Peer 1: 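I have a structure here, written as structure tokens, and I will follow up with some questions on it.
Keep in mind that this is a model prediction, so the values were computed, not measured.
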Amino acid sequence: MLAVGGLALATPAVVWASSGGAGFGSAPAPSSGSGSSSTTPTATVRRGNVTVSASGNGISVATKASALLRRPLQFSGKASPGHTVEIERRGRETGYTWAPTTHAVAGSDGSFTATWPVNHIGQFAIRAVDERGRTAQAAAASPTLTITAYRPSIATIYGPGMWGNKTACGKVLRRSTIGLANRTLPCGTPVAVYWHGRTLVVPVIDRGPYANGADWDVTVATANALGMPGTETVGAVSLPRSS
């Protein structure tokens, strides 16, 4: 089961983001050719168990930056008393169009609470829209924030005994290499990994794993950055590749 509490761990390969939120720093892209560059990759780790919020157009909304598949995600905020607030999401899974997600009616004090039983994974823009007098212009002015929904899956750690070998994606594996292996995702696909309140985006650099029922095989440097001591259940989701 995924834990949410953060762990204090300092390693030379880890850089903490200067601010919280749902955004992710870019992990180093897999190198092409021999991968013999001496540059040490840097993992940008962010706190994922934080609250994100937005306000505007007479509405405020807040929720957690990270969610897990098949777990409830709660939204709360303020709107005009008695008005229905529609929570909508947009991302790769919705074809990058706004899709109804959940809704609530604001109470006499304007407060509302709505719950989404997370049924899709991905990185989503979320907005809260006042349904009374809704227009395209009013919806566009609604407050927007970003969340990431992860699928719980098993991750193992690999690397020792393989230093200096080339991965299936053509990268030389070193102690400092940031990345992970997957059986089907294309090389270079960015994958967001969540563990104990930490998030890290790393590229697919290899094929596997093929044992222990695992879905991912993370490098030692990646495991150190996240604080993973061994085979664990993590949250993971592939993200769109930047153009």
Side-chain angles (χ1 to χ4, degrees), residues 1-6 16-25 44-152 192-201 235-237 239-240:
M1 184 173 180
L2 283 172
V4 177
W16 278 95
S18 59
S19 61
F24 294 100
T44 302
V45 181
R46 293 181 183 270
R47 293 175 174 87
N49 58 333
V50 296
T51 297
V52 287
S53 61
S55 60
N57 204 31
I59 309 175
S60 65
V61 62
T63 190
K64 288 293 186 179
S66 299
L68 293 175
L69 186 66
R70 294 183 291 275
R71 308 278 181 88
L73 178 64
Q74 189 175 86
F75 301 89
S76 60
K78 288 274 192 177
S80 297
H83 287 205
T84 297
V85 177
E86 183 71 44
I87 304 296
E88 300 178 333
R89 72 186 187 280
R90 182 178 67 184
R92 179 173 57 184
E93 175 269 330
T94 69
Y96 296 100
T97 61
W98 290 106
T101 300
T102 186
H103 64 273
V105 176
S108 58
D109 63 350
S111 63
F112 69 86
T113 301
T115 301
W116 176 35
V118 179
N119 58 354
H120 291 99
I121 60 173
Q123 196 170 72
F124 298 103
I126 299 288
R127 73 179 182 184
V129 180
D130 189 330
E131 288 294 272
R132 188 172 298 186
R134 176 183 179 128
T135 63
Q137 183 177 7
S142 298
T144 303
L145 48 82
T146 302
I147 67 160
T148 303
Y150 301 85
R151 184 192 307 277
V193 183
Y194 180 93
W195 166 249
H196 276 238
R198 294 179 168 194
T199 62
L200 176 64
V201 176
V237 60
L239 302 176

Peer 1: Specify the closest pair of heavy atoms between Phe124 and Ala149, including all atoms of both residues, with the distance to one decimal.
Peer 2: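 Residues Phe124 and Ala149, closest heavy atoms: CE1-CB, 4.3 Å.
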Peer 1: Please enumerate all residues that pass side chain to side chain donor-acceptor pair (under 3.5 Å) together with Trp98, with sequence neighbours excluded.
Peer 2: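 Checked Trp98 against side chain to side chain donor-acceptor pair (under 3.5 Å); zero matches.
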Peer 1: Cut-off 3.5 Å, no hydrogens considered: what does the side-chain donor-acceptor table look like for residues 80-87, sequence neighbours left out?
Peer 2:
from, atom 1, to, atom 2, distance (Å)
His83, ND1, Asp130, OD1, 3.2
His83, ND1, Asp130, OD2, 2.8
His83, NE2, Arg132, NH1, 3.2

Peer 1: In chain order, what residues pass the side chain to side chain donor-acceptor pair (under 3.5 Å) check against Thr144, with sequence neighbours excluded?
Peer 2: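 For Thr144 there are no side chain to side chain donor-acceptor pair (under 3.5 Å) partners, ignoring immediate neighbours.
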Peer 1: What heavy-atom pair brings Ala62 and Leu145 nearest, and what distance separates the two atoms?
Peer 2: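 In this case the closest contact between Ala62 and Leu145 is CA-CD2, 4.5 Å.
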Peer 1: What is the minimum heavy-atom distance between Ala141 and Asn57, and which atoms define it?
Peer 2: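 For Ala141 versus Asn57, the nearest heavy atoms are O-CB, 3.5 Å.
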Peer 1: In Å, rounded to the nearest 0.5 Å, how long is the span from OG1 of Thr113 to CZ of Phe75?
Peer 2: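 Here the interatomic distance stands at 11.5 Å.
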Peer 1: Hey, what do you get for CZ (Arg198) to CZ (Arg47), rounding to the nearest 0.5 Å?
Peer 2: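 Between Arg198 CZ and Arg47 CZ, I get 8.0 Å after rounding to 0.5 Å.
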Peer 1: Kindly indicate whether the side chain of Val201, heavy atoms from C-beta on, has any atom under 4.5 Å from the side chain of Leu239.
Peer 2: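 Yes, their side chains come closer than 4.5 Å.
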Peer 1: Which class fits the ring pair Tyr150 and Tyr194: parallel under 30°, tilted 30 to 60°, perpendicular over 60°?
Peer 2: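 Plane angle between 30° and 60°, so tilted.
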Peer 1: Please give me the minimum heavy-atom distance between Pro143 and Ile59, naming the atom from each residue.
Peer 2: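 Nearest heavy atoms, Pro143 then Ile59: CG-O, 3.6 Å.
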Peer 1: State, to 0.1 Å, how close Gly48 and Ala65 come at their nearest heavy-atom pair, and which atoms those are.
Peer 2: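 Taking Gly48 first and Ala65 second, the nearest heavy atoms are O-CB, 3.8 Å.
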Peer 1: Considering only heavy atoms from C-beta outward, does the side chain of Gln123 approach that of Val237 to under 4.5 Å?
Peer 2: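 With C-beta onward as the side chain, the pair stays apart.
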Peer 1: Could you check if a side-chain atom of Ile147 sits within less than 4.5 angstrom of a side-chain atom of Thr63, using non-hydrogen atoms only?
Peer 2: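 Result yes, sub-4.5 Å side-chain heavy-atom pair found.
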Peer 1: Nearest 0.5 angstrom please: Leu73 CG to Lys64 NZ, how far?
Peer 2: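 So the gap between those two atoms works out to 10.0 Å.
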Peer 1: Rounded to the nearest 0.5 Å, how far apart are OG1 of Thr115 and CZ of Arg71?
Peer 2: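 Interatomic distance, Thr115 OG1 to Arg71 CZ, rounded to 0.5 Å: 15.0 Å.
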Peer 1: Going by the rule side chain to side chain contact (heavy atoms under 4.5 Å, CB included), which residues pair with Thr135 if we only count those two or more places apart in sequence or in a different chain?
Peer 2: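 By the side chain to side chain contact (heavy atoms under 4.5 Å, CB included) rule, Thr135 matches Gln137, Ala138.
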Peer 1: Determine whether a donor-acceptor pair (N or O, by modelled atom type, separation under 3.5 Å) exists between the side chain of Thr94 and the backbone of Ala99.
Peer 2: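 No: the side chain of Thr94 does not pair with the backbone of Ala99.
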Peer 1: Examine distances only and state if a side-chain atom of Asp109 and a backbone atom of Ser111 form a donor-acceptor pair shorter than 3.5 Å.
Peer 2: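 Indeed, once roles are kept as given, a pair shorter than 3.5 Å links the two residues.
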Peer 1: Starting at CZ of Arg151, measure out to NE2 of His120 and round the result to the nearest 0.5 Å.
Peer 2: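 Result: 10.0 Å between the selected atoms.
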Peer 1: I need the minimum non-hydrogen distance between Gly197 and Asn49, along with the two atoms involved.
Peer 2: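 Gly197 and Asn49 have their closest heavy atoms at O-OD1, 3.4 Å.
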Peer 1: To the nearest 0.5 Å, what is the distance between CH2 on Trp116 and CD on Gln74?
Peer 2: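 Separation between the atoms: 14.5 Å.
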Peer 1: Does anything in residues 112-129 form a salt bridge (charged side-chain N to carboxylate O under 4.0 Å, His left out)? List the pairs, not counting sequence neighbours.
Peer 2: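 Found Glu88-Arg127.
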Peer 1: Among all residues two or more places apart in sequence or in another chain, which pass the side chain to side chain donor-acceptor pair (under 3.5 Å) test with Thr101?
Peer 2: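 Arg89.
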